[in-house]
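Before any comments, here is the structure.
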There are 2 protein chains.
Amino acid sequence: MRDAETVTLVDVARRAGVSLATASRVMNGSDRKVSPELRERVVGAARELRYVRNANAQALAKARSAIVGVIVHDIGDPYFSEILRGVEAAGEGTGQLLLVCDTHRDPERELEYLTLLHAHRASTIVIAGSGHEDRAHNVAVGTRLDAFVNGGGRVVLIGRHHYGGDAVLPDNRGGARALMREVLAHGHRAVAIIGGPPHLTTTHDRLDGCRLAFADAGLTFDPACVIDGDFSRESGEAATHALYARGDEPTAIVALNDEMAVGALTALRERGLRVPDDVSLVGFDDIPVAADVTPALTTVNVPLNHIGEVAMRLAREPASDGFRAAHVAAHVVIRASLGKRSLLKP
Amino acid sequence: MRDAETVTLVDVARRAGVSLATASRVMNGSDRKVSPELRERVVGAARELRYVRNANAQALAKARSAIVGVIVHDIGDPYFSEILRGVEAAGEGTGQLLLVCDTHRDPERELEYLTLLHAHRASTIVIAGSGHEDRAHNVAVGTRLDAFVNGGGRVVLIGRHHYGGDAVLPDNRGGARALMREVLAHGHRAVAIIGGPPHLTTTHDRLDGCRLAFADAGLTFDPACVIDGDFSRESGEAATHALYARGDEPTAIVALNDEMAVGALTALRERGLRVPDDVSLVGFDDIPVAADVTPALTTVNVPLNHIGEVAMRLAREPASDGFRAAHVAAHVVIRASLGKRSLLKP
DNA sequence: TTGTATGCGTTATCAT
DNA sequence: ATGATAACGCATACAA
């Protein structure tokens with residue numbers, strides 16, 4: 001362990017008896033303009049010296065680093081980790097480094113990460129978190145994104161956003177509409193909805209879909225049936241308890257994502273209510289656990305993995321003048337947690 | 001959007017009417033040696049010009065970037081995302097950028113990431129995946145880590161490893177021993193164990209603990225009761241089916257992690273076996289879903305979050321001559337999935 | 001095909 | 001306290 005000096009390309013070049021330029025071409029250049037003989041000498045020297053390239057110097061020289069930053073709301077949320085898997089799969093073998101940024105649903109932190117990625121001259125920024133309804137925040141995000149794009153960066157958005165750029169758009173509204181239609185078709189009329197954070201476009205879109213289903217069936221939608229959650233398991237549990245505490249007696253509960261549905265399941269169990277015998281329960285997203293809980297959750301399958309892949313693929317294509325939108329369908333998955341409203345009960 | 005030129009510190013300095021050095025001191029230097037007046041001029045100019053620092057240039061000049069790399073086996077596995085939360089929390093506000101590297105349990109990819117982080121001159125590498133029992137791989141990891149440390153990097157390991165360095169060590173053996181003791185105390189003798197990947201030290205340690213519990217009770221441990229899994233939910237499901245397919249009739253199943261236990265639960269349900277009436281089931285780690293499945297899982301609580309925090313705290317302390325080890329206890333959590341062996345059954 | 005020389009944006013070491 | 005200038009390690013335009 002005596003060699004505390006860092007080995008640079010110059011060292012490699014000297015050792016191989018070639019110029020710095022040639023060494024550079026061999027080690028990193030996409031150029032093939034080096035004779036096999038010299039190439040071998042350089043590779044050999046690099047190995048002997050245990051040369052490790054300095055990515056920062058490369059990024060500085062090239063004015064762009066090989067980093068792809070992905071901004072998510074919560075890395076522990078299966079919704080995002082599934083998307084990440086897709087992004088990763090599509091980025092495999094491209095030599096790009098995936099940088100995962102977790103905002104914890106904090107808009108402030110989202111802005112910080114945007115600046116950070118810009119500072120690192122990332123090649124691409126993928127924003128996987130839902131767009132916000134907060135006007136000031138949208139402006140701030142737009143400003144940062146503009147600056148980033150002007151500097152030569154690529155931006156891809158997942159879900160509806162207020163920034164114009166390439167986007168992958170899951171059909172939240174259509175999925176919710178189909179889901180609620182199914183719930184109504186099972187005879188339910190006393191429906192409670194556990195909503196998401198009011199400032200997210202995902203929440204708005206899914207609620208919209210629910211409303212449309214009521215309209216489709218010629219029923220009136222009572223806004224009071226919505227109780228807010230924040231997309232976390234805990235909030236689903238709390239919201240469910242709150243529901244009963246305020247006297248509601250739904251025959252079906254619709255959680256706007258699976259995590260909250262799982263929380264709701266726990267709450268219902270604590271209250272001694274059986275699903276779906278006493279009350280039906282449905283979620284949204286179809287994350288892996290949805291099939292593991294008892295009873296298995298009826299939900300809307302959003303192909304998270306696929307969405308991540310598409311996003312990454314968009315990112316790798318050169319920027320176009322206008323912006324492209326890739327629409328992704330979402331379909332209802334019926335499982336045990338949704339039952340017919342018992343005819344014996346009013 | 002006309003300004004496609006990138007703003008540099010030189011631009012800021014010129015605009016503020018000061019030298020590059022002064023501008024640098026104001027924007028990034030820890031130095032306080034700048035008059036309030038000039039400082040304000042620089043800050044103002046930077047804001048007007050929308051200056052964004054070039055992190056690559058900084059890293060090159062400082063010979064070290066502000067990146068902390070965390071290597072995990074699977075970002076979607078709650079075990080790791082919980083650890084990540086802890087790391088993140090402890091790193092909050094330090095200006096360090098968290099880089100999450102997902103190996104998908106592929107040793108080859110682990111090596112690649114090690115090189116990548118070295119290339120980016122990361123300040124710290126945290127390896128959260130369990131150590132391997134594969135000798136060749138350990139040597140390769142050791143070589144890379146040595147080079148990284150020699151170059152001035154910090155390394156912190158989570159779980160037992162064959163590399164000497166600062167480490168956070170959860171008590172896998174003790175936890176498994178206590179868990180198995182509990183299982184035996186409930187009267188179970190026909191016990192099946194769903195093991196982890198044979199090359200992971202975590203698997204070895206937990207199995208060891210199980211063996212010790214048998215010895216403690218004066219019972220002989222039959223190695224044949226172990227069936228291999230790979231720590232994934234799917235493998236837990238498959239292993240359980242395999243168990244019955246080969247004719248085993250355990251009264252209790254011990255999965256060496258919760259994910260596999262959840263999979264086992266699904267398999268048992270498919271087979272019409274009730275838990276814990278027909279067969280008891282326990283897991284390990286106490287990830288969030290453990291409490292959400294039905295019945296709730298008896299398991300061993302490993303304070304994942306805390307482990308991540310400790311790791312990050314260790315990382316922020318300067319390297320010491322010897323290496324430090326932070327031991328973390330694990331304790332059994334009794335929930336509904338573990339029952340007494342029915343006396344009516346043989 | 002190979003080598004020479006310059007620039008990338010900052011930090012840090014000197015002077016002043 | 002402030003300014004001039006030399007690294008930092010690499011890619012690349014240009015020359016040979």
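Here is how names work: the chains are called A, B, and so on, in the same order as the sequence lines, proteins then strands, and each is numbered from 1.
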To the nearest Å, how far apart are [X] [atom1] and [N] [atom2]?
X        : N      : atom1 : atom2 : answer
B:Leu9   : D:dT2  : CG    : C1'   : 15 Å
B:Arg25  : D:dG3  : CZ    : P     : 8 Å
A:Lys33  : D:dA11 : NZ    : P     : 17 Å
B:Arg121 : D:dC10 : CZ    : P     : 7 Å
A:Asn28  : D:dA11 : CG    : C1'   : 9 Å
A:Leu49  : D:dG9  : CG    : C1'   : 15 Å
B:Arg53  : C:dC8  : CZ    : C1'   : 17 Å
B:His120 : D:dG9  : NE2   : C1'   : 14 Å

Between A:Arg144 and A:Glu110, is there a salt bridge with N-O shorter than 4.0 Å?
no
Pair B:Arg313 + B:Glu317, salt bridge at N-O below 4.0 Å
no
Can a side chain N or O of [X] be found less than 4.0 Å away from OP1 or OP2 on [N]?
X       : N      : answer
A:Thr22 : C:dG3  : yes
A:Gln58 : D:dA11 : yes
A:Asn54 : D:dC8  : no
B:Thr8  : C:dC8  : no
A:Ser24 : D:dA11 : yes

Test your reading of the model: is there a side-chain donor-acceptor pair from B:Thr124 to the backbone of B:Val155, 3.5 Å cut-off?
no
Please identify each residue that fulfils ring pair (Phe, Tyr, Trp, His ring centres under 6.0 Å) with A:His137, with sequence neighbours left out.
A:His132
Considering heavy-atom distances to DNA chain C, does A:Leu38 or A:Leu20 have its closest nucleotide positioned more toward the 5' end?
A:Leu38
On DNA chain D, compare the nucleotides closest to B:Ala57 and B:Ser19; which residue's is nearer the 5' end?
B:Ser19
Of the listed D:dG9, D:dT2, C:dT11, the closest approach to the B:Ala61 side chain comes from C:dT11
Compare the minimum distances between each of D:dT2, D:dC10, C:dT2 and the side chain of A:Tyr51, then state the nucleotide with the smallest one.
D:dC10
With sugar-phosphate meaning primed atoms plus P, OP1 and OP2, does A:Ala63 contact a base, only sugar-phosphate, or nothing at under 4.0 Å between heavy atoms?
nothing
Residues A:Asp102, B:Arg85; criterion salt bridge (charged side-chain N to carboxylate O under 4.0 Å, His left out); working and verdict
CA-CA 9 Å; A:Asp102 187 340; B:Arg85 262 190 230 278; 5.4 Å; no
